[in-house]
Undergrad: 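Pasting in a structure now, in structure tokens, and then I'll have a few things to ask.
Treat the numbers as computed from the prediction; the structure is a model and nothing was measured.
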Amino acid sequence: MRFAAFFLDGASRAFNHRPTFSKLVVVLAASSGGLVAYADSKSDAESSQNAPKKKVVVLGTGWAGTTFLKNIDSSLYDVQIISPRNYFAFTPLLPSVTCGTVEPRSIVEPIRRVVNKKGADIKFWEAECFKIDPTNKKIHCHSDIGTNLDGTGEFVVDYDYLVIAVGARSNTFNTPGVEEHCHFLKEIEDAQKIRRSVMDCFERASLPYLSEEEQKRNLHFVVVGGGPTGVEFAAELHDFVSEDLSKLYPAIRDLVKISVIEAGGHILTMFDKRITKFAEEKFQRDGIEVKTGYKVVKVSDSLITMQNASAGEVSVPYGMAVWSTGIGTRPFILNFMKQIGQGNRRVLATDEWLRVRECEDVYAIGDCATITQRKVMEDISAIFKVADKDNSGTLTVKEIQDILEDICIRYPQVELYLKSKQMRGIADLIKDAKGDIQKESIELNIEEFKKALANVDSQVKNLPATAQVAAQQGNYLARCFNKMKYSDENPEGPLRIRESGRHRFRPFRYKHFGQFAPLGGEQAAAQLPGDWISIGHSTQWLWYSVYASKQVSWRTRALVVSDWMRRFIFGRDSSCI
């Protein structure tokens, strides 16, 4: 029996080194009877399950990256996250942080807490990517919190799929002095610096040896940019001054001045004109100066120089300036764009499936990229050929209707154009192009088909760089990754125009849920779907409820609501911390 056991153990080891055998049966005879040994190797299905997972590397923990992380099925992939900050920040509330309405830690969620909630083996490294190598599928990173044996803190990570979600930086338009003397409002650290700077201006203006002119300069707060962020910050600052600081600094409260400088003709130009008008009138009542048509050309440590078509060049003294004029591309993304032939663009270009153009297995979501929608007129001949099933050289209304759904999915501007012209269907579009139409049997040749769709591409527009867009892109891309294997065999997208078959997925389609503009004094404006405009105190309470519900966790939701309650009861904190 000892021999039998030894032989069985040896046979088992031999079997483990012979994976091509699916089964091994050993029968031994002994004096006490027969002994049967049976060993079963792993089946092909089990082997495939134990195959290495594809590695998905995510750059960034902002709206796009965090939403992707929360929704991806991490059991299907080896997910790795790289970001210079180890938390997610609810950026729409950054203006509230600048004035102490909300505390900084109330709007951040540690990314490792998000990872732990998924209960998966997801790796996170606090580091910053400085180079992408798409040819070898590697990214080069460096960490400021630790060094390797070379003392550089640099390391390389390879990937199978790369998701770029690094956001954007503030765009200075190369204006001299902006980097050195202006505050930005993109990160938690920016909001904290602004809060300290506001209090420093008040404390400095309170010193006994300053003249009134010097006090006025220190208490002149300038906001460059009349977009949602700049307007909301100006409104928050006005409330902070009028409700809290005026009581603590009664001797200098009448010297405070807040100015909003906008190069365009109006502030909040992305909103309905009714909201723009209300905001400008409210700011005028509140004493906030709105200077439209002024372009800032230079910033020094004490003066802001502007140009106006009628007034010429004007310089005004200031105590603190916040620059909020738009977003720009990060330097390493610009270098990556040059590598892949996008050097002539201002922002990274993706297709409608969020894949980086001219690049394999690389996706980009959020503010760092923009979708370049395919034009209908670029594919008009191919569309005509696909629709013309009988190869007659002409299209009937029925033939167009058979492919219309796929066209609208692939080219959303077609549906938008029909709605904008109040057309009920393709028949109205053809009628507009060819004249009176009575029967579905009427036919169009290629030139008439081109004429019918000639103006459709006028509806192509770039998506705004907002948290709402970034979050929807992160959610969409995660769903695509989750069903990638299934969709290879069961494609759900529209017909391929230039190739056979269908696309694996439907293209990304942004759904607008509305936008808010808090205007101070417990009043806000909202532009919601269906051209519904809401302005006033009730809208501010709607803003509270929406922003509380959109927090990333119950912890941050409770903290934000408690901060709002604290402010109502005790006012805002004015300490220089």
Undergrad: Measure the acute angle between the ring planes of Y544 and F568, then classify it against the limits of 30° and 60° as parallel, tilted or perpendicular.
TA: perpendicular
Undergrad: Just wondering, do W323 and H183 contact through their side chains at under 4.5 Å, heavy atoms?
TA: no
Undergrad: Can you confirm whether more than 12 heavy atoms, excluding those of R85, are under 6.0 Å from its CZ atom?
TA: yes
Undergrad: Taking R217 for its side chain and Y318 for its backbone only, find out whether a donor-acceptor pair lies under 3.5 Å.
TA: yes
Undergrad: Over all heavy atoms of both residues, which pair between V198 and F240 is shortest? Give the atoms and the distance, please.
TA: CG1-CE2, 4.3 Å
Undergrad: Here's one to test your reading of the geometry: is the NZ or CZ of R557 within 45 degrees of the ring axis of W554 and under 6.0 Å from its centre?
TA: yes
Undergrad: Identify, with sequence neighbours excluded, every residue that meets side-chain hydrogen bond (donor to acceptor under 3.5 Å, both in side chains) alongside D200.
TA: none
Undergrad: Would you indicate whether R105, at its atom CZ, is surrounded by more than 12 heavy atoms from other residues, nucleotides or ligands within a distance under 6.0 Å?
TA: no
Undergrad: Give a yes or no on whether E213 atom CD has more than 12 heavy-atom contacts from other residues, nucleotides or ligands under 6.0 Å away.
TA: no
Undergrad: Would you please test W353 and Y476 for side chain to side chain contact (heavy atoms under 4.5 Å, CB included) and show each step?
TA: CA-CA 9 Å; W353 290 269; Y476 164 84; 3.3 Å; yes
Undergrad: Between V57 and V163, is the side chain to side chain contact (heavy atoms under 4.5 Å, CB included) condition met? List the steps.
TA: CA-CA 6 Å; V57 177; V163 179; over 6 Å; no
Undergrad: For the residue pair L162 and I164, establish whether any side-chain heavy-atom pair is separated by less than 4.5 Å.
TA: yes
Undergrad: Residues two or more places apart in sequence or in another chain: which of them pass side-chain contact (heavy atoms from CB on, under 4.5 Å) with K461?
TA: none
Undergrad: Would a distance-only check, ignoring hydrogens and angles, find a side-chain to backbone donor-acceptor pair under 3.5 Å from D190 to E187?
TA: yes
Undergrad: Could you tell me which residues satisfy side-chain contact (heavy atoms from CB on, under 4.5 Å) with R346, sequence neighbours excluded, listed by chain and number?
TA: none
Undergrad: Ignoring hydrogens and geometry, is there a side-chain-to-backbone donor-acceptor pair from N475 to A471 under 3.5 Å?
TA: no
Undergrad: If every non-hydrogen atom of R112 is compared with every non-hydrogen atom of F124, which pair is closest and at what distance?
TA: NH2-O, 3.2 Å
Undergrad: Tell me, please, which residues at least two apart from V552 pass side-chain contact (heavy atoms from CB on, under 4.5 Å).
TA: K70, F88, E109, T556
Undergrad: Do other residues, nucleotides or ligands put more than 12 heavy atoms under 6.0 Å from the CD atom of Q284?
TA: no
Undergrad: For K118, does the NZ atom sit with more than 12 other heavy atoms under 6.0 Å from it, leaving out its own atoms?
TA: yes
Undergrad: Is there a side chain to side chain contact (heavy atoms under 4.5 Å, CB included) between T372 and T350 once you walk through the steps?
TA: CA-CA 6 Å; T372 53; T350 71; over 6 Å; no
Undergrad: Determine whether a donor-acceptor pair (N or O, by modelled atom type, separation under 3.5 Å) exists between the side chain of S83 and the backbone of N86.
TA: no
Undergrad: Would you confirm whether R330, through its side chain, and A168, through its main-chain N or O, come within 3.5 Å as a donor-acceptor pair?
TA: yes
Undergrad: The criterion is side-chain hydrogen bond (donor to acceptor under 3.5 Å, both in side chains); which residues satisfy it with R374, sequence neighbours excluded?
TA: E378, D379
Undergrad: Distance-only, no hydrogens or angles: does the Q472 side chain make a donor-acceptor pair with backbone N or O of K511 under 3.5 Å?
TA: yes
Undergrad: More than 12 heavy atoms of other residues, nucleotides or ligands under 6.0 Å from NZ of K117: is that the case?
TA: yes
Undergrad: Is K186 close enough and on-axis enough to F184, meaning under 6.0 Å and within 45°, for cation-pi?
TA: no
Undergrad: Taking the side chain from H238 and the backbone from D286, do they hold a donor-acceptor pair closer than 3.5 Å?
TA: yes
Undergrad: Should we count NE2 of H266 as having more than 12 external heavy atoms under 6.0 Å?
TA: no
Undergrad: Under 6.0 Å between ring centres, would you say that holds for F202 and Y249?
TA: yes
Undergrad: Side chain of T175, backbone of T172: donor and acceptor closer than 3.5 Å?
TA: yes
Undergrad: Please set out all donor-acceptor pairs under 3.5 angstrom arising from side-chain atoms of residues 221-237, sequence neighbours excluded.
TA:
| residue | atom | partner | partner atom | Å |
| --- | --- | --- | --- | --- |
| E236 | OE1 | T101 | OG1 | 3.0 |
| E236 | OE2 | S96 | OG | 3.0 |

Undergrad: Count the heavy atoms of every other residue, nucleotide or ligand shown that sit under 6.0 Å from NZ of K298, and state whether that count exceeds 12.
TA: no
Undergrad: Does the plane of the ring in Y547 sit parallel, tilted or perpendicular to the ring in F516? Use 30° and 60° as the thresholds.
TA: perpendicular
